[in-house]
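Remarks on the structure that follows.
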Protein chains: 2
Amino acid sequence: MLEQIVGRLKAAGIKPSMQRIKIYEYFFHHENHPTAEQIYQDLKKEVPTLSKATVYNTIGLFIEKGLVKFTTTDRQNARYDLTDTDHGHFICSVCNEIYDFPYRFSKQYSDLEGFEIQSEEIVIKGICRKCLKKH
Amino acid sequence: MLEQIVGRLKAAGIKPSMQRIKIYEYFFHHENHPTAEQIYQDLKKEVPTLSKATVYNTIGLFIEKGLVKFTTTDRQNARYDLTDTDHGHFICSVCNEIYDFPYRFSKQYSDLEGFEIQSEEIVIKGICRKCLKKH
DNA sequence: GTATCTGCAAAACATTTGCAATTCT
DNA sequence: AGAATTGCAAATGTTTTGCAGATAC
């Protein structure tokens, strides 16, 4: 696992420092698109000297190198996604949890002829099953 | 036209003040999802006493009453959409312009059974034709 | 005249930046 | 030592809030 993390960082041209490994690893263990704040709060327990600036800067580096991308689910806080699979995002307006669901993009949009497509995202907002049950 | 604006505001339970009419009207005349700042800058010419707080508060009221909703295209600045039609958003990563394109949502997602769906948005990022031509 | 609405200034909040201290090789 | 990385504190930029004055009914 750790080998895989380090390998991917190196492959992306990123020197695998302690902080970078921990942050990248965090994305693998926390699938529901954490905010920088959540990453910071959780990792501080393991790496007490960690600063929020480092979290932001490191994620910025990951984005630049293509390991991670923004989701556009949440306008308040930035949320991130590993750049692996085609999937849609459902965000619950009560608990703010993000759920991934399988979704295949069409890749072809007749009304966007002549446009270069770089990424596609579908965002569904509503109330998740867990929150619906609470009422 | 003005009648239509005023009518919609009243129907939504919003008292149609000068500022509110101008701001709501603005959305009808500017289809590409302006930011609060753009609305403020443009309307200031007509309504010099307008303050940015009023723009934000008024849009907030519109959202609360369901006349307008956030788009999730842009993480830097809030952008808004009239809650009318089914369409997708294309955002150009060069000029930051938003293009609407026809898109029919499926409304049915087998993997979201038991979830209540309130809104759907598809966001495609890339480079628009205009910017591609410049190179 | 009372309730609502507006606008200013300040506050709040997420994110970025400059720079000094630290770490790694 | 030299280069890269990190962490702090301050800056930035957007959005929200408190409150006093203005407006509308």
Side-chain angles (χ1 to χ4, degrees), chain A residues 5-6 9-10 12-26 33-65 67-81 91 96 98, chain B residues 5-6 9-10 12-26 33-65 67-81 91 96 98:
Chain A
I5 302 285
V6 172
L9 289 175
K10 280 183 179 166
I14 295 171
K15 204 188 283 182
S17 73
M18 172 72 157
Q19 288 82 338
R20 288 166 177 179
I21 292 169
K22 287 286 178 200
I23 293 170
Y24 192 43
E25 192 181 37
Y26 194 92
H33 313 298
T35 64
E37 180 67 27
Q38 290 169 331
I39 296 171
Y40 171 66
Q41 291 301 339
D42 284 359
L43 288 186
K44 217 171 43 173
K45 295 167 197 158
E46 294 179 63
V47 189
T49 67
L50 186 67
S51 97
K52 220 185 275 189
T54 299
V55 175
Y56 278 108
N57 290 336
T58 301
I59 295 172
L61 179 67
F62 289 170
I63 289 173
E64 193 191 312
K65 298 297 189 182
L67 292 180
V68 153
K69 63 175 188 249
F70 285 115
T71 78
T72 59
T73 41
D74 191 341
R75 249 190 15 74
Q76 295 284 49
N77 301 78
R79 306 264 204 139
Y80 313 93
D81 210 351
I91 179 163
N96 244 41
I98 296 176
Chain B
I5 301 284
V6 172
L9 288 175
K10 281 183 178 165
I14 294 172
K15 205 187 281 183
S17 74
M18 171 71 156
Q19 287 80 340
R20 289 166 176 179
I21 292 169
K22 286 287 178 200
I23 292 170
Y24 192 43
E25 194 181 34
Y26 193 92
H33 315 298
T35 64
E37 180 69 25
Q38 289 169 331
I39 296 172
Y40 171 67
Q41 292 299 339
D42 283 359
L43 288 185
K44 215 172 43 173
K45 294 167 195 158
E46 295 178 62
V47 189
T49 66
L50 186 68
S51 96
K52 220 184 272 189
T54 299
V55 175
Y56 278 109
N57 290 335
T58 302
I59 295 172
L61 180 67
F62 290 171
I63 290 173
E64 192 189 313
K65 299 296 188 183
L67 292 179
V68 153
K69 62 176 189 248
F70 285 115
T71 77
T72 58
T73 40
D74 192 342
R75 253 187 15 76
Q76 293 285 50
N77 300 76
R79 305 265 204 139
Y80 313 94
D81 210 352
I91 180 163
N96 244 40
I98 296 176

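Every chain is numbered from 1, with letters handed out A, B, ... down the list of sequences.
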Margin query: Run the ring-ring contact (aromatic ring centres under 6.0 Å, His included) test against B:Tyr56 and tell me which residues pass, sequence neighbours left out.
Written below: none
Notebook entry, point to check: Who passes side chain to side chain contact (heavy atoms under 4.5 Å, CB included) against A:Thr54, sequence neighbours left out?
Noted result: A:Gln19, A:Leu50, A:Ser51, A:Thr58
Notebook entry, point to check: In B/S/- notation, 5' to 3', how is nucleotides 6-17 of chain D contacted by protein heavy atoms closer than 4.0 Å?
Noted result: SBBB----SBBB
Next item on the list: Apply side chain to side chain donor-acceptor pair (under 3.5 Å) to B:Thr71 and list each qualifying residue two or more places apart in sequence or on a separate chain.
Entry: B:Thr73
Notebook entry, point to check: Mind checking what makes ring-ring contact (aromatic ring centres under 6.0 Å, His included) contact with B:Tyr80, not counting sequence neighbours?
Noted result: B:Phe70
Checklist line | Listed once per pair and sorted, the salt bridge (Lys or Arg N to Asp or Glu O under 4.0 Å) pairs that draw on residues 68-77 of chain A, sequence neighbours left out | finding: A:Asp74-A:Arg79
Notebook entry, point to check: When rounded to the nearest 0.5 angstrom, what is the spacing between CE in A:Met18 and OG1 in A:Thr49?
Noted result: 8.0 Å
Next item on the list: Using the heavy-atom set of chain B and a strict 4.0 Å cut-off, write down the first and last nucleotide of DNA chain C that makes it in, 5' to 3'.
Entry: C:dT4 to C:dT15
Next item on the list: Would you mind listing every salt bridge (Lys or Arg N to Asp or Glu O under 4.0 Å) that reaches into residues 38-54 of chain A, with sequence neighbours excluded?
Entry: A:Lys22-A:Glu46, A:Glu37-A:Lys52, A:Asp42-A:Lys45
